[in-house]
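To start, the structure itself, in structure tokens.
All chains are named by letter (A, B, ...) in the order of the sequence lines, taking the proteins before the strands, and each is independently numbered beginning at 1. Computed over heavy atoms, backbone and side chain alike; hydrogens, waters and symmetry mates excluded. None of these values were measured; they are calculated from a predicted model.
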2 protein chains.
Amino acid sequence: MSRWKPDARGRLEKAALELYNHQGFDATTVAEIATRAGLTERTFYRHFTDKREVLFPAANPLADTLANATATAPASLPPLAVITHALTEAAPVLEERADLARQRQAVIAANPELQERELAKLAALASMLARTLRERGLEATTAALAAEIGIATFKVAFERWINDPDRHPLAQRIRETLDTAGHLTAPAEHVAATDDVSFTGHEGVT
Amino acid sequence: MSRWKPDARGRLEKAALELYNHQGFDATTVAEIATRAGLTERTFYRHFTDKREVLFPAANPLADTLANATATAPASLPPLAVITHALTEAAPVLEERADLARQRQAVIAANPELQERELAKLAALASMLARTLRERGLEATTAALAAEIGIATFKVAFERWINDPDRHPLAQRIRETLDTAGHLTAPAEHVAATDDVSFTGHEGVT
DNA sequence: GCCGTGATGTCAGTTGATGACATCACCGTA
DNA sequence: TACGGTGATGTCATCAACTGACATCACGGC
């Protein structure tokens with residue numbers, strides 16, 4: 001019989017998500033998480049750098065897919081088309097785990113500290129995208145801007161997807177959002193009492 | 001004679017910036033900051049919610065200017081033009097305090113926790129911009145996207161400005177960056193082994 | 001001259017985070 | 001088969017970030 005139950009890290013992730021959901025992030029203690037996972041507080045910190053990180057798995061298939069799709073897109077594509085391509089490729093990764101994604105997002109939306117961490121993760125993603133674009137031969141500023149705009153698009157589309165009661169596919173939301181982006185230089189079309197679905201998403205940090 | 005020296009908050013901000021600069025953020029203690037300002041640790045926490053917040057003044061002229069310029073731009077302007085207008089109006093606010101801005105940025109660049117807080121502040125800025133754009137009559141998604149792209153543009157331009165040895169004006173950097181944005185749908189122009197000034201800016205959080 | 005108020009000080013306590021050292025099943029090897 | 005190294009975990013101690021409760025006392029109004 002083995003000395004320890006397997007997958008300590010996974011047990012910690014699971015325990016943390018459950019507790020954060022039940023009692024809120026602030027009200028749950030690292031010691032609690034560890035105990036629920038049958039481990040010690042000290043061991044928690046051997047697997048995660050801090051109390052927030054447990055919600056952001058080290059192995060990130062979304063990042064991998066994005067990087068891969070960006071690197072292998074046809075060389076002739078304009079920067080924004082590369083982004084479009086990459087985002088479209090990456091969408092299914094989230095669709096597969098839609099339940100988990102929504103649960104995580106609920107916890108994050110309820111706590112500013114976690115929102116900060118999420119923004120940092122997205123910034124890291126943008127940074128990685130920019131590097132990949134440079135390696136494709138793009139000039140530094142162009143690459144950085146295309147990457148930032150790509151992530152910005154993703155943020156908007158993702159929030160629409162998460163809050164969408166009708167569960168439209170993420171890929172569709174991304175297409176719509178990219179389409180919106182294309183019209184940003186056209187004269188403003190005002191919304192005069194349209195029957196548009198209005199999103200009352202979270203307003204970010206103050 | 002008055003009971004306390006005036007401007008406790010200002011003294012704390014100054015003390016903090018100096019110490020963060022000298023010894024680094026991690027190596028300086030809230031108690032140290034307070035003592036140097038002639039106050040108590042407890043008093044520090046009456047003025048700032050945490051150790052990071054002291055670097056991000058509550059009164060934010062940049063945000064005010066952005067909001068104002070966005071709200072008062074001609075109604076006929078396309079969304080991106082409103083953003084362009086607002087960013088251009090806001091640029092001088094930073095130019096005026098270029099020294100302070102560079103000092104702050106150096107401290108922030110040296111510490112991931114501070115970078116997270118900065119991202120949160122920028123996200124709040126984007127959120128506010130989006131609200132203002134909606135109040136101008138823009139549909140929610142369009143507003144959110146335009147705001148995010150505006151902030152993304154600002155981030156890229158600001159980083160170029162801060163790291164620019166030649167001290168070109170921020171307004172110019174913003175114009176250039178917006179111009180770059182306009183070419184993102186054109187076929188990629190490759191940089192063949194240029195000796196381009198390479199920006200080794202901070203790469204974000206891993 | 002008394003009284004409420006607000007900015008600060010004092011103190012005690014919780015929790016997040018980290019370093020140093022101990023434990024002991026497992027695994028390869030002599 | 002015995003032996004020693006290794007890696008994941010536990011134990012203990014300590015620091016610093018934050019917070020609640022209560023005390024202080026110049027100032028300004030009445």
Side-chain angles (χ1 to χ4, degrees), chain A residues 1-17 19-20 22-59 107-108 110-118 120 205, chain B residues 1-17 19-20 22-59 107-108 110-117 120 205-206:
Chain A
M1 176 183 172
S2 73
R3 187 168 181 192
W4 298 290
K5 288 191 290 181
D7 195 21
R9 186 186 183 95
R11 271 150 51 213
L12 285 168
E13 284 173 2
K14 186 160 170 290
L17 184 57
L19 288 173
Y20 291 170
H22 264 1
Q23 340 175 331
F25 177 81
D26 284 330
T28 106
T29 247
V30 174
E32 272 182 283
I33 300 172
T35 304
R36 172 181 268 244
L39 293 166
T40 299
E41 185 176 352
R42 194 64 185 86
T43 299
F44 177 96
Y45 285 108
R46 291 210 180 85
H47 287 276
F48 306 98
T49 65
D50 60 47
K51 197 184 163 190
R52 304 176 226 169
E53 198 66 14
V54 68
L55 278 180
F56 303 86
V107 173
I108 292 174
N111 188 288
E113 296 180 55
L114 291 173
Q115 291 167 36
E116 287 194 7
R117 180 57 53 86
E118 169 143 285
V205 188
Chain B
M1 175 181 173
S2 73
R3 187 168 181 191
W4 298 289
K5 288 192 289 181
D7 194 21
R9 187 186 182 94
R11 272 150 49 212
L12 286 167
E13 285 173 0
K14 185 160 170 290
L17 184 56
L19 288 172
Y20 290 172
H22 267 0
Q23 341 175 332
F25 177 80
D26 284 330
T28 108
T29 243
V30 173
E32 272 181 284
I33 299 173
T35 303
R36 171 180 269 245
L39 293 166
T40 299
E41 182 175 354
R42 193 67 186 82
T43 300
F44 177 96
Y45 285 108
R46 290 212 180 84
H47 287 279
F48 306 98
T49 64
D50 60 47
K51 197 184 164 190
R52 304 175 226 171
E53 197 67 12
V54 68
L55 277 181
F56 303 85
V107 173
I108 293 174
N111 189 289
E113 295 180 56
L114 292 172
Q115 292 167 36
E116 285 194 7
R117 180 56 51 86
V205 187
T206 19

Distance test, side-chain N/O of A:T29 to OP1/OP2 of C:dT14, below 4.0 Å: no

Length of the NE2-C1' vector between A:H47 and D:dA8, whole Å: 7 Å

Nearest-Å distance for atom pair CZ/C1', residues A:R52 and C:dA17: 12 Å

Sugar-phosphate, base or nothing in reach of B:A31, heavy atoms under 4.0 Å: nothing

Interatomic distance where CG belongs to A:D26 and C1' belongs to C:dG16 [whole Å]: 12 Å

Whole angstrom value for the distance that separates C1' of D:dC18 from CD1 of B:I33: 13 Å

Any B:V30 side-chain heavy atom under 4.5 Å of B:F48 side chain: no

Phosphate contact (D:dT19 OP1 or OP2) by B:Y45 side-chain N/O below 4.0 Å: no

Between P of D:dT19 and CZ of B:F44, the distance in whole Å: 11 Å

A:R3 side-chain proximity, nearest of D:dT24, C:dC24, D:dC18: C:dC24

Pairs under 3.5 Å (N/O, protein and nucleotides 10-12 of chain D):
| residue | atom | partner | partner atom | Å |
| --- | --- | --- | --- | --- |
| D:dG10 | OP2 | A:T40 | N | 3.1 |
| D:dG10 | OP2 | A:T40 | OG1 | 3.1 |
| D:dG10 | OP2 | A:T43 | OG1 | 2.5 |
| D:dG10 | O5' | A:T40 | OG1 | 3.3 |
| D:dG10 | N7 | A:R46 | NH1 | 3.3 |
| D:dG10 | O6 | A:R46 | NH2 | 2.5 |

Length of the line joining B:E113:CD and D:dA16:C1', which is rounded to integer Å: 12 Å

Atom-pair distance (CZ on B:F48; P on D:dT19), nearest Å: 15 Å

Contacts of type salt bridge (Lys or Arg N to Asp or Glu O under 4.0 Å), residue A:R11, not counting sequence neighbours: none

Atom pair CD/CZ of B:E116 and B:R52 - distance to nearest 0.5 Å: 6.0 Å

Gap between atom CG of A:D7 and atom CG of A:L12 - 0.5 Å precision: 9.0 Å

Output side-chain donor-acceptor pairs under 3.5 Å for residues 34-47 of chain B, partner residues at least two apart or in another chain, one line each.
| residue | atom | partner | partner atom | Å |
| --- | --- | --- | --- | --- |
| B:T35 | OG1 | B:A31 | O | 2.8 |
| B:R36 | NH1 | B:E18 | OE1 | 2.4 |

pair A:Y20-A:I33: side-chain heavy atoms closer than 4.5 Å: yes

For atom CG of A:D50 and atom C1' of C:dT15, their distance in whole Å: 14 Å

Short N-O contact, B:E113 and B:R117, less than 4.0 angstrom: no

